[in-house]
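Each chain gets a letter, A, B and so on, in the order its sequence line appears, and its residues count up from 1.
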2 protein chains.
Amino acid sequence: METKAQMPTKTKIMKAAEELFAHSGFHHTTMRAITASAGVNLAAINYHFGSKESLLAAIFDAYLKPINAERVRRLTEVAEKARMTSVIPDLEEVMRAFLEPTLVLFLEGAGAEHFRIIIGRAMSEPNQAVRRIFLKRVMPVIDILLGLLQQSLVKSSQSEVAWKLRFALGAMSHTLSSHAHHSPFAMGDSKEPSEIVEMLIVFIIKGMQE
Amino acid sequence: METKAQMPTKTKIMKAAEELFAHSGFHHTTMRAITASAGVNLAAINYHFGSKESLLAAIFDAYLKPINAERVRRLTEVAEKARMTSVIPDLEEVMRAFLEPTLVLFLEGAGAEHFRIIIGRAMSEPNQAVRRIFLKRVMPVIDILLGLLQQSLVKSSQSEVAWKLRFALGAMSHTLSSHAHHSPFAMGDSKEPSEIVEMLIVFIIKGMQE
DNA sequence: GCAAATTTAAAACAAGTGTTTTAAATGTTT
DNA sequence: AAACATTTAAAACACTTGTTTTAAATTTGC
């Protein structure tokens, strides 16, 4: 972490923490490692954020608030269209409304490359506090999504829909958190991020279809 | 953890560790918690296993050795059949040969209920040591599987096949590690484990198909 | 029965953890 | 200039971690 000379301390801390949380996980990343990497004083984290957990929550908010707003906006749009035309919402449209705002994390490698690993791992986090911080920010959107999916998948029971969504979220989170070090098998990196995202969406929609 | 009065200490430790690793993750589970739950002395882990990491490796071996043997047996069978009949291996047969031996962890709830959470989380583990222990035992089978998949998916490039497999493994690992506390959304538990497994396999095969 | 392996108890070790404190210095706002 | 917020330095705090040690007890194998 260089090139953050003129950033305010609070931002320097968040950027350094993102990188370290992504690389080593929440628990294994120490306050001292974060502040050392950020080039600030150890006490600065507690001064600005109150605690290590609140720092993570601040990072989640920074990324998830705009993403969630866009997810809700697009899901509402799909729901509205279905209501107006009296046709059940299209599965592909529903899933794209949820997936695409999330997967921009995969496309804009600039600042999001570390956070996408954090969020990709959050769902299966062993640490309960971390999981709680994550779920609190994601559950409301999942509820909206589930409601729409139950309309789209007319032949599937409520629990079948929920399981299909779980399979889909598993594929997505696993893809988000995949990076070189982490990869069980080297894949020809000939693929552009946009191609990977499109492959994932197609995979999920085909899998969910009745 | 009760009902392990007459077990040897080594077994008591492994069973207690399974439960705690599944519930709280590797890093967050302490040696003192394991030995207390097992009802044995703190020093017993280092006496029998040498270290905390070796204890985890022993747990992986106990489950993964028979599973891997069955996976290799079935994958070889499919490859042999394809060779004999001069027909490309069938995608569904290939994936079932890999998935079904794994997913028995989901069916036989008896002893495997904790380990399936451990293995489901292993792939996205932040802890590098844990990931290394896991990958060392899984990579050889993945290599065989990838080789067969590249024959089955004739229209897909090498990297497309690898990505499809990654999506599939994400869905699988996420399903394996799912349990009540961990669930972002309550799903009507009306589904039998065998139904869930079948839904997952169908989801994956449909998603991978060309 | 004897020797070896196992198990226990209790304590200590060395290192690392998040957090807090005190005091001084620096920056920003008004 | 004065008042306030920010940042630093350095140390300490209270606690937990995996591992090791020493010594005594118990069990097991031959």
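- Sequence order on DNA chain C of the closest nucleotides to A:I45 and B:T9 puts B:T9 first from the 5' end.
- Across all strands, A:T29 comes closer than 4.0 Å only to sugar-phosphate atoms, never to a base (heavy-atom distances).
- The separation between A:M31 atom CE and C:dT17 atom C1' is 10 Å, rounded to whole Å.
- Under the rule for a salt bridge (charged side-chain N to carboxylate O under 4.0 Å, His left out), B:R32 has no partner lying at least two apart in sequence or in another chain.
- To the nearest angstrom, C1' of C:dT6 lies 12 Å from NZ of B:K10.
- As a whole-Å value, the separation of A:L42 CG from C:dG16 P is 15 Å.
- Closest approach of A:E125 to A:R131, counting heavy atoms only: O-NH1, 2.7 Å.
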Original post:
Given pairs defined as Watson-Crick or G-U wobble with both distances under 3.5 Å, what dot-bracket annotation applies to DNA chain D, with ( ) intrastrand, [ ] crossing, | other strand and . unpaired?
Top reply: |||||||.||||||||.|||||.|||||||

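- Toward the 5' end of DNA chain D, the nearer of the two residues A:N41 and A:R32, judged by each one's closest nucleotide, is A:N41.
- For B:K15 and B:E18, the salt-bridge test passes: some basic side-chain N is under 4.0 Å from an acidic carboxylate O.
- Side chains of B:F203 and A:F203 form a contact here, defined as non-hydrogen atoms less than 4.5 Å apart.
- Centroid-to-centroid, the aromatic rings of A:H174 and B:H174 stay 6.0 Å apart or farther.
- What separates CE of B:M7 from P of C:dT6 is a distance of 19 Å, to the nearest Å.
- For B:Y47 and C:dA4, the OH to C1' distance is 9 Å, given to the nearest whole Å.
- Extent of DNA chain D lying under 4.0 Å from chain A heavy atoms, first and last nucleotide in 5' to 3' order, is D:dA5 to D:dA12.
- With rounding to the nearest 0.5 angstrom, the CD atom of B:E100 is 4.5 Å from the CD1 atom of B:I201.
- You'll find the ring centres of A:F60 and A:F115 inside the 6.0 Å limit.
- Contact check on A:R73 versus A:E77 returns a salt bridge, with a Lys/Arg side-chain nitrogen under 4.0 Å from an Asp/Glu carboxylate oxygen.
- Judged by distance alone, the side chains of A:S124 and B:S124 do bring a donor and an acceptor atom under 3.5 Å apart.
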